[in-house]
Number of protein chains: 2
Amino acid sequence: MQSSGSSRPNATEQAYQAIRKNILTGKLEEGERLTETRLSDDLGLSRTPIREAIGRLVLEGFIERQSGYTTRVAHFPEDEAEQIYEIRRLMECYSVQRAARLATEEDIAELRRINAAMKADTPPRDEAANQRLTEANEAFHRAIVAAARSPRLTALMTTALDVSMVVRTYSMYSEKDLMRSLNHHAEIIDAIEARAPKWAASVMSAHLLAGASRVAARMQHSKSVADQ
Amino acid sequence: MQSSGSSRPNATEQAYQAIRKNILTGKLEEGERLTETRLSDDLGLSRTPIREAIGRLVLEGFIERQSGYTTRVAHFPEDEAEQIYEIRRLMECYSVQRAARLATEEDIAELRRINAAMKADTPPRDEAANQRLTEANEAFHRAIVAAARSPRLTALMTTALDVSMVVRTYSMYSEKDLMRSLNHHAEIIDAIEARAPKWAASVMSAHLLAGASRVAARMQHSKSVADQ
DNA sequence: CTGTTTTATTTCGCATACAAAATAGGCGTC
DNA sequence: GACGCCTATTTTGTATGCGAAATAAAACAG
């Protein structure tokens with residue numbers, strides 16, 4: 001069982017993660033022009049993995065090819081987070097409906113396992129626990145999509161969920177929010193097990209709208225703080 | 001004004017289109033193992049553009065990386081087309097709602113222009129006209145997404161719409177279907193212009209459900225023929 | 001000084017070379 | 001005859017070189 005921990009990631013993955021992180025943290029500013037050679041120098045990698053990483057980031061919408069040889073960090077609109085949550089809501093409600101029809105016993109067991117792990121970390125004692133919670137939450141949503149048995153959906157959600165990290169910065173759960181999330185997860189699993197697609201979809205919808213609302217509040221807060 | 005016609009596509013694009021086409025037409029069978037060298041030899045290109053094309057196709061779900069050095073043509077489920085239409089329906093209904101709020105006069109003019117071009121080709125006299133219709137239809141849907149002003153959505157729909165070519169094989173419009181499609185398009189534009197998101201979304205929903213139904217019928221037909 | 005053309009430099013796309021990792025095949029053992 | 005181990009081959013990941021295209025800079029005209 002190879003842990004998800006990073007023993008030695010290959011250069012392409014390393015480049016992808018690094019560039020992405022630098023975009024999300026603002027080290028690479030919006031609209032900034034990128035050149036393969038500079039990134040290659042900065043990251044200490046050759047151009048090949050850089051190229052591959054850029055290609056992926058372009059497809060995911062983090063980077064824009066302008067014309068010919070000009071490549072820029074994409075511009076992120078104000079309501080980016082809101083949009084992502086809405087798109088995720090649409091796709092995940094569909095996923096969970098399929099999952100309710102198609103999930104196997106193993107899928108359901110996996111979901112329960114993830115949720116149990118999250119419960120064990122609640123409330124989170126330290127930063128590490130928080131990190132684990134975030135990852136487990138993502139794993140939960142991925143597992144739902146996987147249970148939907150739709151490669152197409154999986155492909156789309158891969159980018160959509162990856163993208164949702166944009167939002168992650170803002171999402172430090174309060175204990176109340178966290179409990180609600182766990183209850184949502186548990187109810188979703190129950191609905192899947194009961195083979196009740198609409199029930200599952202409704203809870204999922206609530207789950208993501210709650211998340212969107214939480215994020216919106218945070219952003220509002222951080223904005224009003226910044227304005228002073 | 002450089003026409004969308006292919007004067008001289010670069011090698012990566014060429015590789016992408018070729019591999020994709022070979023997958024969709026079945027020349028590369030589902031589950032077949034792919035090696036960069038073989039594709040490189042077959043297409044007469046070096047490995048670099050092949051690699052890039054493969055990376056893209058993996059992200060879009062046409063190709064699967066299994067473990068280590070094994071890469072296979074993905075397996076497409078029976079109801080692939082149905083799933084694609086459903087996913088498109090969800091995303092495009094959302095798009096068109098945003099478009100109804102955010103579209104500029106230019107966006108709307110562009111939509112009308114595309115629809116007029118389609119009308120001019122109706123009924124299609126020859127295969128070229130049919131081809132133009134297919135492309136214009138795709139352009140219409142892309143224009144809607146563009147008018148929604150959501151880079152994230154654009155990124156996701158790029159792959160989703162590209163993917164919809166899977167379905168294209170089956171979609172030879174009858175004149176009745178084509179007229180209905182054009183009317184749907186026209187009504188969608190009107191709804192956008194009237195700034196009526198829900199109206200627009202409803203028509204779009206009908207539009208795509210009609211399309212899904214048409215495709216389902218064709219598949220049923222071609223299947224029953226094949227069974228004999 | 002502004003706008004345009006010409007030249008120089010940068011940047012990318014593609015080909016190729018090499019090393020590390022994975023697969024496949026052959027061998028011996030149980 | 002089936003299974004595991006070791007070796008040979010294949011395949012990928014990464015680095016690098018070169019030509020073409022695009023961008024930036026300089027020269028020039030108005």
Side-chain angles (χ1 to χ4, degrees), chain A residues 1-20 22-23 28-74, chain B residues 1-23 28-74 158:
Chain A
M1 180 187 293
Q2 111 169 8
S3 80
S4 60
S6 48
S7 51
R8 187 160 42 85
N10 57 6
T12 301
E13 185 66 18
Q14 200 180 318
Y16 171 77
Q17 295 294 346
I19 296 172
R20 197 188 135 98
N22 286 341
I23 291 176
L28 295 172
E29 291 178 27
E30 294 189 13
E32 181 173 345
R33 184 173 175 193
L34 298 175
T35 68
E36 296 176 3
T37 1
R38 181 165 70 88
L39 290 170
S40 159
D41 289 346
D42 289 355
L43 299 176
L45 300 165
S46 88
R47 272 181 55 217
T48 309
I50 300 285
R51 265 183 78 72
E52 258 168 79
I54 288 180
R56 206 169 141 190
L57 289 163
V58 166
L59 228 53
E60 292 176 0
F62 286 103
I63 292 177
E64 287 169 346
R65 282 194 209 292
Q66 223 157 19
S67 76
Y69 291 178
T70 314
T71 306
R72 298 189 178 284
V73 176
Chain B
M1 179 186 292
Q2 111 171 6
S3 79
S4 59
S6 49
S7 51
R8 191 159 40 85
N10 57 6
T12 301
E13 187 65 17
Q14 199 180 319
Y16 171 77
Q17 296 293 347
I19 297 172
R20 199 187 134 96
K21 189 176 170 189
N22 286 341
I23 291 176
L28 294 172
E29 291 179 26
E30 295 190 11
E32 183 173 343
R33 185 172 175 191
L34 298 175
T35 67
E36 295 175 4
T37 355
R38 181 164 72 87
L39 290 171
S40 159
D41 290 345
D42 288 355
L43 300 176
L45 300 165
S46 87
R47 273 182 54 215
T48 310
I50 300 286
R51 266 182 80 73
E52 256 166 83
I54 288 180
R56 206 169 139 190
L57 289 164
V58 166
L59 227 54
E60 292 176 0
F62 285 103
I63 292 177
E64 287 170 345
R65 281 194 211 290
Q66 224 158 17
S67 76
Y69 289 179
T70 313
T71 307
R72 300 189 176 283
V73 175
T158 300

Write down the atom of B/Phe62, the atom of B/Arg20, and the distance for their closest heavy-atom approach. CE1-NH1, 3.7 Å
By nearest-nucleotide position on DNA chain D, the 5'-leaning member of B/Thr37 and A/Gly68 is B/Thr37
Using heavy-atom distances to pick each residue's nearest nucleotide on DNA chain D, tell me which of A/Ser46 and B/Thr70 is more 5'. B/Thr70
Just how far, in rounded Å, is P of C/dA17 from CD of B/Glu36? 16 Å
For A/Leu34 and C/dC12, give me the distance from atom CG to atom C1', rounded to whole Å. 14 Å
Contact class for B/Ile50 vs. all strands (heavy atom < 4.0 Å): base, sugar-phosphate, or nothing? nothing
With respect to the phosphate group of C/dT23, does any side-chain polar atom (N or O) of B/Ser67 fall under 4.0 Å of OP1 or OP2? yes
Between P on D/dT14 and CZ on B/Arg47, what's the gap in Å once rounded to a whole number? 11 Å
Sugar-phosphate, base or nothing in reach of B/Thr48, heavy atoms under 4.0 Å: base
In whole angstrom, give the distance that lies between atom OH of A/Tyr69 and atom P of C/dT9. 17 Å
Would you mind reading off the distance between A/Asn10 atom CG and C/dA21 atom P, rounded to a whole angstrom? 11 Å
Minimum heavy-atom distance between A/Ile50 and A/Glu36, given as atom pair plus value: CG2-O, 4.1 Å
Which residue, A/Gln66, A/Glu64, A/Glu30, forms the side-chain hydrogen bond (donor to acceptor under 3.5 Å, both in side chains) with A/Arg72? A/Gln66
A/Thr12 side-chain N/O to D/dT14 phosphate OP1/OP2 under 4.0 Å: yes
Nearest-angstrom distance from the residue atom CZ of A/Arg65 to C1' of C/dT11: 12 Å
Phosphate oxygens OP1/OP2 of C/dG13: is one of them under 4.0 Å from a side-chain N or O of A/Arg51? yes
Between B/Tyr16 (OH) and C/dG13 (P), how many Å, whole number? 17 Å
Side chains of A/Ile54 and A/Leu39: closer than 4.5 Å at any heavy-atom pair? yes
Given side chains that start at C-beta, do those of A/Val73 and A/Glu29 come closer than 4.5 Å, heavy atoms only? no
Just the rounded figure in Å: distance from P of D/dT10 to CZ of B/Arg33. 12 Å
Distance check: side-chain N/O of A/Ser40 vs OP1/OP2 of D/dA15, anything under 4.0 Å? no
